[in-house]
Chemist: 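Below are the structure tokens for one structure; questions will follow.
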2 protein chains.
Amino acid sequence: MNIGEIASRAGVSRSTVSYALSGKRSVSDATRKRIQDVIDELGYRPNAAARALKEGRTRTIGLVIPPASRRLTHMQLGFVASVVEAAARADLDVLLSPSGGDHDRSFERLLSGGRVDGVILMEIRLEDSRVRRLQNAKLPFVGIGHTARAHEMCWIDVDYATVINQCVHHLADLGHTRIALVNRSVELMAAGYGPGHRARDGFTAALAQRGIQGIDLECGDDAAAGLVCATRLLREHPDVTAIATINEAALPGIQRGLEEAGLNVPGDFSITGVVGRTWAEEFRPPLTAADVPAQDIGTQAMDLLLERIADPTTPFRNILLAPPVSLRGSTGPVRAT
Amino acid sequence: MNIGEIASRAGVSRSTVSYALSGKRSVSDATRKRIQDVIDELGYRPNAAARALKEGRTRTIGLVIPPASRRLTHMQLGFVASVVEAAARADLDVLLSPSGGDHDRSFERLLSGGRVDGVILMEIRLEDSRVRRLQNAKLPFVGIGHTARAHEMCWIDVDYATVINQCVHHLADLGHTRIALVNRSVELMAAGYGPGHRARDGFTAALAQRGIQGIDLECGDDAAAGLVCATRLLREHPDVTAIATINEAALPGIQRGLEEAGLNVPGDFSITGVVGRTWAEEFRPPLTAADVPAQDIGTQAMDLLLERIADPTTPFRNILLAPPVSLRGSTGPVRAT
DNA sequence: GCTGATAGTCGAACCGATTCGGTAGACGGT
DNA sequence: ACCGTCTACCGAATCGGTTCGACTATCAGC
């Protein structure tokens with residue numbers, strides 16, 4: 001069932017049906033009604049591929065998420081949810097591509113001719129070949145995260161350096177002088193994952209500013225790894241009294257590790273995190289954390305993308321967010337010994 | 001840049017380029033190489049819309065998820081992740097449609113001509129108009145969940161009735177005689193959300209079988225609601241000593257409520273849940289729960305869908321899973337008074 | 001040397017929409 | 001009566017692939 005079928009049943013030409021639907025030219029009320037009746041009766045829906053072919057756009061955007069094997073953090077989930085919601089508001093569909101590596105077939109297809117009108121890229125590494133390939137494909141795209149060369153693309157990102165810097169200052173203000181940074185996984189760090197490296201930079205800078213010492217740890221992205229990491233930290237560095245982390249997924253495990261070691265939070269030990277807003281409250285005790293407005297970030301990424309799709313020649317815009325640290329129950333003054 | 005451009009640069013006809021790429025007719029090695037060189041040089045990729053138009057299929061499936069406003073449970077997230085992964089393995093793309101209601105534009109687009117080859121539908125209600133609309137559109141689809149009329153469609157589902165029944169029996173075995181069911185939200189129940197109603201049925205049946213009494217509660221799908229729900233339960237029904245719940249999202253709040261009331265789990269109070277596998281371990285204490293194999297379910301849903309796409313006339317298959325209750329640390333014998 | 005099979009290629013039709021140019025008829029102004 | 005303007009509609013081209021039928025050249029079999 002195609003537009004020709006509708007046209008012949010309504011006794012008009014195909015172009016008239018098209019104009020009746022799009023309203024781009026005038027069609028008499030009588031004709032329009034006749035056409036609409038036929039359409040309603042047959043349940044006709046215009047073929048999306050044909051329309052996309054002719055119009056040269058698909059009204060679909062691609063969203064590149066971390067590979068399915070890796071569980072999304074709450075923050076990433078917030079990004080995905082808000083991008084999807086923003087796309088729905090703009091009457092756009094979202095094509096999901098779970099791909100991290102270079103030669104991911106799903107990513108290949110995204111690049112392929114006219115599959116999507118634009119792409120939002122998540123979990124970007126400092127050196128990320130996907131960026132170059134999107135540029136080569138001349139596909140408008142926006143990053144949630146950015147590469148080492150900030151100027152080469154349009155992005156929105158959390159300022160992990162500043163955020164971790166603030167966390168360390170907060171802990172130092174409370175008297176902590178031995179602080180550990182629990183970073184993302186060894187693999188991600190080795191792959192040059194931006195937030196991890198920027199967090200490390202912010203951590204090192206803050207330590208220097210306060211003249212205190214820190215332990216820099218990498219930790220797998222799940223609760224089990226967090227438990228192992230916390231346990232080892234307490235054993236190998238018993239003088240550490242606080243953790244700052246950007247590793248959301250490890251947090252429950254870190255907490256469990258502290259608990260199993262008989263440490264009370266915040267009485268004996270302090271933790272700060274960087275987590276999606278609304279999630280910090282779900283910890284016990286509620287987590288002192290930089291509350292990342294994941295909803296806003298997804299929405300703004302979508303806005304940036306729409307802008308680029310509308311006019312691909314606009315200069316790249318970069319948005320860096322450094323949400324302040326919200327004080328909750330997981331940090332306190334260092335215990336008097 | 002289209003196939004004609006490649007053809008003329010390689011000095012062959014468009015059809016030869018097509019055959020060189022698809023391999024459906026023989027092309028001499030020399031010609032194939034010449035074509036491939038031009039393609040590599042120009043970075044040509046066939047237009048997806050044109051191919052879809054001609055072939056009559058898009059190699060894309062639609063995944064209907066709950067509206068973006070509602071946060072996905074871990075279990076649902078597991079479904080999404082595994083469907084996406086399974087689709088990637090089958091070289092299919094996934095189009096996301098966040099839609100619960102009837103007249104969701106994103107769902108409309110999914111139905112529209114040839115947008116997707118098939119659909120996986122999540123969070124199905126006992127009466128769900130989307131099912132009828134997919135049937136009318138003659139679009140192959142598979143439900144993760146099912147309607148009141150089990151025979152009308154192809155689906156895979158968790159047997160919430162049996163699972164909750166088992167939970168209650170387990171609690172009763174431990175001596176609990178006042179058990180509360182914490183169900184999903186009032187809104188979902190009112191909308192006829194299947195798992196909620198089936199869980200209630202299983203709960204009622206188990207109570208009758210054991211000759212004990214229960215409290216049937218509805219609870220919003222987040223931690224805050226869980227806290228409120230638990231607090232009120234303890235106040236209004238102080239004789240209750242155990243909770244069985246299918247409400248994953250409320251669990252952290254329920255735990256907090258018990259904790260704030262000074263109740264020790266499992267010493268004073270027991271909890272059982274129905275949660276995505278791997279998540280039960282992340283609770284403190286680890287949650288006695290029916291571990292839903294969300295990964296398998298997504299994968300199997302995909303298999304069912306591929307089967308239906310390949311042959312839409314196959315009889316509907318229905319798969320009902322009742323994962324056994326895994327004993328962990330959140331249930332124990334009722335406290336001697 | 002004739003026939004038949006096969007490999008390699010081309011041209012044209014086709015998928016289902018959109019859109020441009022054209023035209024018939026109605027209507028108003030002069 | 002003539003011209004210009006609008007409205008309402010039609011026909012054909014077009015988007016970029018795939019695929020069928022046809023054609024040529026080559027080679028084997030007899």
Side-chain angles (χ1 to χ4, degrees), chain A residues 1-36 38-39 42-60 93 108-109 111-117 137-139, chain B residues 1-36 38-39 42-60 93 108-109 111-117 137-139:
Chain A
M1 172 172 30
N2 54 31
I3 200 172
E5 176 103 11
I6 305 299
S8 63
R9 294 214 192 201
V12 297
S13 74
R14 302 193 308 153
S15 52
T16 303
V17 176
S18 178
Y19 286 125
L21 286 174
S22 70
K24 295 191 179 177
R25 282 198 189 175
S26 56
V27 170
S28 73
D29 287 346
T31 306
R32 190 196 317 282
K33 177 167 186 340
R34 222 166 54 242
I35 292 173
Q36 192 58 52
V38 175
I39 287 177
L42 298 190
Y44 162 77
R45 292 168 182 286
N47 181 292
R51 175 176 295 178
L53 173 58
K54 180 61 176 135
E55 291 193 336
R57 58 171 180 164
T58 55
R59 299 169 191 276
T60 303
D93 286 319
E108 293 292 329
R109 288 196 297 269
L111 294 174
S112 105
R115 182 102 216 192
V116 294
D117 296 338
K138 302 219 190 323
L139 212 49
Chain B
M1 173 174 26
N2 54 30
I3 200 174
E5 175 104 11
I6 305 299
S8 64
R9 294 213 191 203
V12 296
S13 74
R14 303 194 307 150
S15 52
T16 302
V17 176
S18 180
Y19 287 125
L21 285 175
S22 70
K24 294 190 179 177
R25 279 198 192 177
S26 56
V27 170
S28 72
D29 288 345
T31 308
R32 189 198 315 284
K33 177 166 187 341
R34 222 166 55 241
I35 292 173
Q36 193 57 52
V38 176
I39 287 177
L42 298 189
Y44 163 76
R45 291 168 181 285
N47 181 292
R51 175 176 295 177
L53 173 58
K54 178 62 179 156
E55 291 193 339
R57 58 171 180 166
T58 55
R59 299 166 191 275
T60 303
D93 286 320
E108 293 291 331
R109 288 196 298 268
L111 294 175
S112 104
R115 182 103 216 192
V116 294
D117 296 338
K138 301 220 192 322
L139 213 50

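Note on naming: letters A, B, ... go to the chains in the order of the sequence lines (proteins, then strands), and numbering restarts at 1 for each one.
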Chemist: Counting only side-chain heavy atoms from C-beta out, which of dC10(C), dT7(D), dG16(D) sits nearest to V12(B)?
Modeler: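 When the side chain of V12(B) is considered, dC10(C) is the closest of dC10(C), dT7(D), dG16(D).
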
Chemist: Judged by modelled atom types alone, do S15(A) and S18(A) share a side-chain donor-acceptor pair under 3.5 Å?
Modeler: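 Side chains of S15(A) and S18(A): no pair found under 3.5 Å.
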
Chemist: When rounded to the nearest 0.5 angstrom, what distance separates CZ in R51(A) from CZ in R57(A)?
Modeler: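 Going from the CZ atom of R51(A) to the CZ atom of R57(A) covers 9.5 Å.
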
Chemist: Hey, which sits more toward the 5' end of DNA chain D by its nearest nucleotide, N47(B) or Y19(B)?
Modeler: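 Here N47(B) is the residue nearer the 5' end.
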
Chemist: Is a donor-acceptor pair below 3.5 Å formed from side chain R115(A) to base dG16(D), judging by atom type as modelled?
Modeler: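 No, no donor-acceptor pair under 3.5 Å.
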
Chemist: Can you find an N or O donor on one side and an acceptor on the other, under 3.5 Å apart, linking the side chain of S15(B) with the base of dG11(C)?
Modeler: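 Answer yes: a donor N or O sits under 3.5 Å from an acceptor.
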
Chemist: Tell me which nucleotide among dA17(C), dG17(D), dT9(C) gets nearest to the side chain of A50(A).
Modeler: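 The closest nucleotide is dA17(C).
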
Chemist: How many whole angstroms separate atom CD1 of I35(A) from atom P of dC9(D)?
Modeler: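 In whole Å, dC9(D) P and I35(A) CD1 are 8 Å from each other.
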
Chemist: Hey, are the side chains of I39(A) and L21(A) touching, using non-hydrogen atoms and a 4.5 Å cut-off?
Modeler: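 They are in contact (side-chain heavy atoms under 4.5 Å apart), so the answer is yes.
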
Chemist: Assuming nearest nucleotide by heavy-atom distance, tell me which of M1(A) and S26(B) is located more 5' along DNA chain C.
Modeler: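 Residue closer to the 5' terminus by nearest nucleotide: S26(B).
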
Chemist: Check whether any side-chain nitrogen or oxygen of S18(A) sits under 4.0 Å from OP1 or OP2 of dT19(C), and answer yes or no.
Modeler: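 False: S18(A) side-chain N/O out of range (4.0 Å or more) of dT19(C) OP1/OP2.
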
Chemist: How many Å lie between CG on L53(A) and P on dG16(C), as a whole number?
Modeler: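 The answer, rounded to whole Å, is 12 Å.
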
Chemist: Report the distance from atom CZ of R14(B) to atom C1' of dC20(D), rounded to the nearest whole Å.
Modeler: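 It is 14 Å, rounded to the nearest whole Å.
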
Chemist: On a plain distance test, is the side chain of R25(B) in donor-acceptor contact with the base of dG21(D) below 3.5 Å?
Modeler: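 For R25(B), whose side chain was compared with the base of dG21(D), there is a donor-acceptor pair (under 3.5 Å).
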
Chemist: Tell me: CZ of R51(A) to C1' of dG16(C), nearest whole Å?
Modeler: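 R51(A) atom CZ is separated from dG16(C) atom C1' by 11 Å.
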
Chemist: Output the distance between atom CG (D93(A)) and atom CG (D117(A)), rounded to the nearest 0.5 Å.
Modeler: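 Those atoms lie 10.5 Å apart.
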
Chemist: In whole angstrom, what separates E55(A)'s CD from dG17(D)'s P?
Modeler: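 From E55(A) CD to dG17(D) P: 18 Å.
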
Chemist: Can you confirm whether the side chains of T60(B) and R115(A) place a donor and an acceptor under 3.5 Å from each other?
Modeler: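 Yes.
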
Chemist: When you check the phosphate oxygens OP1 and OP2 of dT19(D), does a side-chain N or O of K24(B) lie under 4.0 Å from one of them?
Modeler: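 So the side-chain polar atoms of K24(B) do come within 4.0 Å of the phosphate oxygens OP1 or OP2 of dT19(D), strictly under.
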
Chemist: Heavy atoms under 4.0 Å, any strand shown: does S22(B) hit a base, just sugar-phosphate, or nothing?
Modeler: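 If one applies the 4.0 Å heavy-atom cut-off, S22(B) turns out to touch nothing in the nucleic acid.
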
Chemist: How many Å lie between CZ on R32(B) and P on dA7(C), as a whole number?
Modeler: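 That distance rounds to 13 Å.
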
Chemist: Measure the distance from CZ on R57(A) to P on dT18(C) and round it to the nearest whole Å.
Modeler: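 It is 11 Å, rounded to the nearest whole Å.
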
Chemist: Let me know the distance between NZ of K33(A) and P of dA8(D), rounded to the nearest Å.
Modeler: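 The distance from NZ of K33(A) to P of dA8(D) comes to 17 Å, rounded to the nearest Å.
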
